Amino acid sequence: FVSFVGWAKRRASVVSVSTFLAPPSEQEPSEPSAPMDAEALTPVQPEDHSPKPKPRFFRRHRRSILAVTLVVGLAVIGACVATAVGFSEAAASEPSSPGGPKTVPAMSGDEGTGDKENQKDDVNKDDGNTAESSSNVNALGAPFTPSVTDGGGPRFTADPLSFSGENMDDDDGDGEEQETDGTDDGAFLTDNRPHDKLITWLTSASIGPSDPFWGKADPFVVITTLTNDDDDDPLGVRTCRYKQKNDVDGPVSWPRKRVALFPRGEVANFRIKIFDADSYSADDLLLEGSFPIPEPSANWTEHTVKWEDHEVTFKVRVRSWEDKIVSAGRIAAFALEEQVFSLANDEGAVLQHHIKEGNDKAILWFPGRNDAWFHPHVGEALDARGFDVYVLNYRRVGVCRRLGLFENPYLNSHCPTADFAEYHEEINLALAFMAGAKEYTTMVGYGFSTGGPVLLSWMMAQRAAGLDDPFTGYVFNAPFVDWGQGGVTEYLLETLPSLLLAIPGVPTTLNVDPAFDPDGVSSRGIVIRTDYEFDPRTRPLYQVPVTAGFVQGSNAVHEGLRRLLVDDEFITDKPTLVLFSDADDVLDTDEIEEVSKVISSDLKQYRFASNSHDAFINDDPEDNDAALDVLTDWLDEAAA
């Protein structure tokens, strides 16, 4: 909107106002020029800088266009402000927590601004996160007390402990307590109604032009497990979507493996469809096929679908409900003690730590947005190499919600100051705690996704102040150093929050995600939890708004990195490893590769082919092993 107004003003300055106001019949005719002698002509005419006539439409409707643009722009801004005010009032009206664990639904969103792979129908949009369906979360800002949905939909107990069986409830009224898995009898995802996991892997594909006139295609792939009732998917977990590729005419790659759930005994087939995306009409179906779901096995079954110029070859296999990559028991076995820091703003942060006698190295782990520690497989590998593990749950992240250290669960990962410098307080407290615990020979800072700019903000502040830091090296896993949406969406994320926050009365809690549904769940987050049994009180499974404070805080770090990139400078000269993947469905891999070059003059970058946004949390454990090999090899080399 701002760009268009500026363009219109510049264009308007070229042509006089009278040209636009006077009808063609009333404009003075120009004097006919006298014939010119051919001998007076010169071979080269001087360049003509006089104003050129503009297209008739813009000449005659300039004011109308500007007026409509202004009205639409003001309406959008007004809607955003109204949403923000309502959001803030709801947040302010929420009852205070007594300090214990909060009552929350057992469901959430992914790190980053959304898992873009499934995000066409919802926008945490798994950018293709097939519908983040509605759950039973109450209205924005109200306490979480989920109730039974109408029509016999999924039901979630309000008890936050029941996910691990720690809480015993008398569900059947017989006076005896019995273990519960976090849902009532008859709910959607329980041991009583297990959902097995169809793992899909597109190994090769070739897409021809979808139309002789329009030429190249913009294909995306949807795989769905089939039941008698195709609408029986209230959580959006029976479909996985491979993100859209643009301008394809020939071979195309979708390297990431993905998962679609299906209720055991109720599904016999799955369907694959490839569409050509169309922005102005219905997407065109290029090809489809249905196949039987194999029995659970470690072996892949290969299929090929072909029609005209389109062909795709893919593999599938099934992992059972009971087969977890990281079970709740494994998470509990890698025990993390907790140190709560009281902060200057009366909130709190939590430093989790796993300290073992004899270890002389340490890693300080920064989770991402809406993220938490559920990585015991990484912790075990670090511990085997003499590393103590520290996880900094900076304010409003991770276990802070479980401990009731902030009020409104919708403000998970919110940055009220719109400046990531607010996190520097707990970083310094964590480093002081670590210094008091042991004298480490090696200290590594680790940032995943948004944890990257949180750590980088502190590093740049240290650099600006001329101060060294205790870290001997850094690891960044898919650091959030630029928005991954591209196009108009990315432009608005980079410019609109600062304009809105400049308006008096607009709060930083303003939600800038138009697809945010306060009653929605994260389909992708639910699928992840079927393999990684994290505590839903620490990693939300409900949708979390993208606030203007978070966006503006992120933008400030991004701008600082861009300035360093232009000046060809580095934040540090310490050994640094940056991991990213071609299959990342949240961020742009090429942008990560380019911008992360400013982090260190001693930099190693590693690009995976099929790992997800978090290189250590994948639908296939083989991809986890590949990432662990890269990390441990670098740690061994850096320590040497």
Side-chain angles (χ1 to χ4, degrees), residues 110 115-119 126-130 195-207 219-226 237-245 248 250-262 267 269-275 286-306 310-321 323-326 478 523-524 527-528 530-532 580-586 589 607-630:
D110 251 345
D115 177 5
K116 296 187 349 185
E117 197 65 31
N118 285 328
Q119 190 170 354
D126 253 34
D127 264 320
N129 225 345
T130 57
H195 279 58
D196 293 330
K197 294 156 277 193
L198 177 70
I199 308 171
T200 63
W201 180 15
L202 304 185
T203 54
S204 66
S206 180
I207 304 297
F220 63 91
V221 183
V222 177
I223 297 178
T224 306
T225 56
L226 304 176
V237 296
R238 289 198 297 104
T239 295
C240 62
R241 177 187 172 100
Y242 289 81
K243 67 181 179 182
Q244 178 180 318
K245 304 288 186 176
V248 174
V252 60
S253 173
W254 285 281
R256 180 179 171 184
K257 305 178 184 75
R258 297 199 66 86
V259 168
L261 304 183
F262 62 94
V267 178
N269 298 302
F270 69 93
R271 178 179 60 218
I272 180 172
K273 289 185 176 182
I274 299 184
F275 295 91
L286 301 182
L287 60 80
E288 70 174 309
S290 296
F291 302 89
I293 294 178
E295 294 295 318
S297 170
N299 300 321
W300 294 99
T301 301
E302 185 173 278
H303 299 283
T304 298
V305 185
K306 183 175 182 179
H310 318 302
E311 180 176 351
V312 61
T313 299
F314 61 97
K315 297 179 180 180
V316 296
R317 68 185 183 192
V318 171
R319 188 164 58 244
S320 69
W321 169 263
D323 185 4
K324 311 293 185 182
I325 298 175
V326 171
S523 305
R524 177 61 186 161
V527 171
I528 291 174
T530 64
D531 271 325
Y532 299 86
F580 45 87
S581 173
D582 286 333
D584 190 329
D585 46 21
V586 175
T589 300
R607 181 189 289 258
F608 296 101
S610 57
N611 289 52
S612 65
H613 179 51
D614 185 343
F616 302 104
I617 301 296
N618 296 281
D619 296 321
D620 190 334
E622 293 177 359
D623 293 323
N624 291 348
D625 295 339
L628 282 171
D629 288 343
V630 174

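Each residue takes its place number in the sequence, starting with 1. Keep in mind that this is a model prediction, so the values were computed, not measured.
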Across all chains, not counting sequence neighbours, the ring pair (Phe, Tyr, Trp, His ring centres under 6.0 Å) partners of Phe275 are Phe220
Within 6.0 Å of CD in Glu288, more than 12 heavy atoms from elsewhere:
yes
Parallel, tilted or perpendicular: which fits the ring planes of Phe291 and Phe314, with parallel below 30° and perpendicular above 60°?
perpendicular
Thr304: partners by side chain to side chain donor-acceptor pair (under 3.5 Å), with sequence neighbours left out:
Thr313
Not counting sequence neighbours, which residues clear side chain to side chain donor-acceptor pair (under 3.5 Å) with Asp625? List them please.
none
Under 4.0 Å between a side-chain nitrogen and a carboxylate oxygen: does that hold for Asp620 and Arg317?
yes
Check the pair Asp585 / Arg258 against salt bridge (Lys or Arg N to Asp or Glu O under 4.0 Å), numbers first and verdict last.
CA-CA 11 Å; Asp585 46 21; Arg258 297 199 66 86; 3.0 Å; yes
Rounding to 0.5 Å, atoms CG (Asn618) and NE2 (His613) come to a distance of 12.0 Å
Without swapping roles, check the side chain of Ser581 against the backbone of Ser612 for a donor-acceptor pair under 3.5 Å.
no
List in chain and number order the residues that pass side chain to side chain donor-acceptor pair (under 3.5 Å) with Asp623, two or more places apart in sequence or in another chain; answer none if no residue qualifies.
Lys257, Ser610
side-chain contact (heavy atoms from CB on, under 4.5 Å) partners for Asp629, two or more places apart:
none
Test side chain to side chain donor-acceptor pair (under 3.5 Å) applied to Asp531 - qualifying residues, sequence neighbours left out:
Lys197, Arg319
Which residue in the set Val259, Ile325, Thr200 passes side-chain contact (heavy atoms from CB on, under 4.5 Å) when paired with Asp619?
Val259
Can you tell me how far the CG atom of Leu198 sits from the CD1 atom of Ile223, to the nearest 0.5 Å?
7.0 Å
